[in-house]
Number of protein chains: 2
Amino acid sequence: MAQRGSYAKGVARREEILESALEVIGRDGYQNASLKQIAHMVGVTPAALLHYFGSKEELFTEVLRKRDEHDGMDPRLADLADPREGLIDVIRHNAEVPGLVELFSRLAVDAVDPEHPAHSYFLERSERLRSAVAAGLHRDSTREPALDPDTMARVLQAVADGLQLQWMIDPTVDMADIVERLIDALAPRRD
Amino acid sequence: MAQRGSYAKGVARREEILESALEVIGRDGYQNASLKQIAHMVGVTPAALLHYFGSKEELFTEVLRKRDEHDGMDPRLADLADPREGLIDVIRHNAEVPGLVELFSRLAVDAVDPEHPAHSYFLERSERLRSAVAAGLHRDSTREPALDPDTMARVLQAVADGLQLQWMIDPTVDMADIVERLIDALAPRRD
DNA sequence: GTCTATACTCTGATAGAC
DNA sequence: GTCTATCAGAGTATAGAC
């Protein structure tokens with residue numbers, strides 16, 4: 001369905017803001033990514049950002065939501081027969097977007113507060129991610145997991161998040177390689 | 001050696017500030033833990049806090065440093081023959097101090113910035129923790145690790161950090177139990 | 001609907017008096 | 001060693017122009 005001009009412009013602006021936000025984080029770090037900086041990069045005032053997103057926290061939550069939509073965590077994790085390849089794909093991809101990893105890790109802590117706009121985002125995403133991985137493991141008859149699928153999923157999620165912390169402070173850490181070897185050790189192929 | 005009165009008072013004030021900081025975080029979350037709140041609890045003004053610690057970030061870094069000193073991560077991790085018990089002890093203990101876990105996770109992200117006062121703290125602590133765990137694993141002849149000690153240490157650290165994120169947002173997660181079962185699966189006892 | 005201008009409040013931080 | 005006063009900067013709310 002066709003949109004009115006003014007509406008289409010708003011949608012484009014939203015995208016522009018979300019992309020600029022990510023760019024500023026990647027360049028200056030989350031700490032120094034102010035509304036002013038982002039607004040300046042877009043060419044508007046901070047108040048314009050709050051017109052589209054209600055607050056700074058909601059803006060950044062939206063960045064994460066959009067990422068999940070567009071480079072689809074679900075398709076890769078849930079639809080693949082082999083959950084190992086899906087998980088490692090995601091990790092490899094993350095290593096190419098430092099700003100996104102920093103944003104994710106930072107909001108994961110802030111969102112502990114039930115009032116934080118990203119609170120439900122993290123609860124639901126975690127839940128979906130773990131059940132996708134657990135289902136994949138359960139379906140994969142070529143491997144013999146050493147732990148029940150739910151615990152395996154929880155451990156893999158924890159390792160992925162924890163390795164991101166290590167990688168951010170020391171980028172020589174090879175996240176994908178470690179997860180790869182861990183999965184092979186924890187759910188070896190049947191002979 | 002004996003201290004002058006004014007000096008001893010300063011030391012006591014420092015302790016008082018560090019403890020109050022932790023208390024405020026546990027009650028209001030890191031986000032809402034302002035210098036004003038902490039100062040109010042101690043009974044002084046925010047400027048007094050900055051007299052003892054140069055900045056807010058340095059104050060919180062000092063909280064983490066003091067924790068490591070006094071409930072000694074090193075003794076438990078490095079001196080124990082069985083690194084499994086040491087690690088699980090630490091995890092169990094952390095589950096009793098939510099404010100500390102939140103502070104730790106939050107600073108771990110902020111400290112990615114090399115200019116952050118906690119940057120070297122995290123680099124050095126990680127290094128020490130991993131080599132202690134790796135050494136313990138190497139020494140323990142009753143277990144057969146599925147991965148090399150360094151990778152095992154990195155994975156265990158990642159799992160511990162990642163599980164804290166899951167636990168903070170959902171306190172029903174039993175961190176110690178999961179790590180316990182993971183270690184048994186990943187480094188089974190020899191028969 | 002899109003956005004600027006303005007102002008308000010709170011933050012961490014600094015300078016200097018006591 | 002601690003306070004008061006003051007600062008610049010942050011995020012945010014509102015009014016209203018277009």
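Proteins come first, then strands; the chains are lettered A, B, ... in the order of their sequence lines, and each starts at number 1. Computed from a predicted model, the values in this text were never measured in an experiment.
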Between D:dC18 atom P and A:Lys9 atom NZ, what is the distance in whole Å? 14 Å
Distance check needed: C:dG12 C1' versus A:Gln31 CD, whole Å only. 12 Å
State plainly whether the residues B:Arg84 and B:Asp89 are in salt-bridge range, i.e. N to O under 4.0 Å. no
Does A:His51 make a side-chain N or O approach to OP1 or OP2 of C:dT2 shorter than 4.0 Å? yes
Any protein N or O atoms within reach of nucleotides 11-13 of chain D? Criterion: under 3.5 Å, listing atom names and distances.
| unit_1 | atom_1 | unit_2 | atom_2 | d |
| --- | --- | --- | --- | --- |
| D:dG11 | OP1 | A:Lys56 | NZ | 2.8 |
| D:dG11 | OP2 | A:Leu35 | N | 3.0 |
| D:dT12 | OP2 | A:Lys56 | N | 2.8 |

Take atom CG of A:Asn32 and atom P of C:dT11, then tell me their distance rounded to the nearest Å. 20 Å
Does any residue of residues 103-113 of chain A have a heavy atom under 4.0 Å from DNA chain C, and if so, which ones, in number order? none
So, B:Phe104 versus B:Phe122, ring centres under 6.0 angstrom or not? yes
C:dC3, OP1 or OP2 - any side-chain N/O from A:Thr45 closer than 4.0 Å? no
Round to a whole Å and report the spacing from CG of B:Leu49 to P of C:dT14. 14 Å
Rounded off to whole Å, could you give me the CZ-to-P distance for the A:Arg14 and C:dC3 pair? 12 Å
For residues 10-19 of chain B, which side-chain donor-acceptor pairs fall under 3.5 Å, sequence neighbours excluded?
| unit_1 | atom_1 | unit_2 | atom_2 | d |
| --- | --- | --- | --- | --- |
| B:Arg13 | NE | B:Glu16 | OE1 | 3.3 |
| B:Glu15 | OE1 | B:Lys66 | NZ | 3.2 |

Show me the pairs that pass side-chain hydrogen bond (donor to acceptor under 3.5 Å, both in side chains) and involve residues 146-171 of chain B, at least two apart or across chains. A:Arg154-B:Gln166, A:Gln157-B:Gln166, A:Gln166-B:Arg154, A:Gln166-B:Gln157, A:Arg181-B:Asp148, A:Arg181-B:Thr151, B:Ser126-B:Gln157, B:Arg130-B:Gln157, B:Asp148-B:Thr151, B:Asp170-B:Thr172
If you count every heavy atom of other residues, nucleotides or ligands that lies below 6.0 Å from B:His138 atom NE2, does the total exceed 12? no
Find the distance B:His40:NE2 to C:dT11:P and express it as a whole number of Å. 13 Å
Given the rule in the salt bridge (Lys or Arg N to Asp or Glu O under 4.0 Å) test, do A:Arg92 and A:Glu180 qualify, once you have shown the distances and angles that lead to the verdict? CA-CA 11 Å; A:Arg92 256 192 249 285; A:Glu180 216 168 337; 3.8 Å; yes
Would you mind writing out the side-chain donor-acceptor pairs for residues 30-37 of chain A within the sub-3.5 Å range, not counting sequence neighbours?
| unit_1 | atom_1 | unit_2 | atom_2 | d |
| --- | --- | --- | --- | --- |
| A:Gln31 | NE2 | B:Glu57 | OE2 | 3.2 |
| A:Asn32 | ND2 | A:Asp28 | O | 2.9 |
| A:Ser34 | OG | A:Gln37 | N | 3.2 |

For residues 108-119 of chain B, which residue pairs qualify under salt bridge (Lys or Arg N to Asp or Glu O under 4.0 Å), counting only residues two or more places apart or in two chains? A:Arg106-B:Asp110, B:Arg106-B:Asp110
Look at the side-chain N and O atoms of A:Arg13 and state whether any lies under 4.0 Å from the OP1 or OP2 oxygen of C:dC3. yes
When rounded to the nearest 0.5 Å, the distance separating CG of A:Leu100 from CD1 of A:Ile25 is 8.0 Å
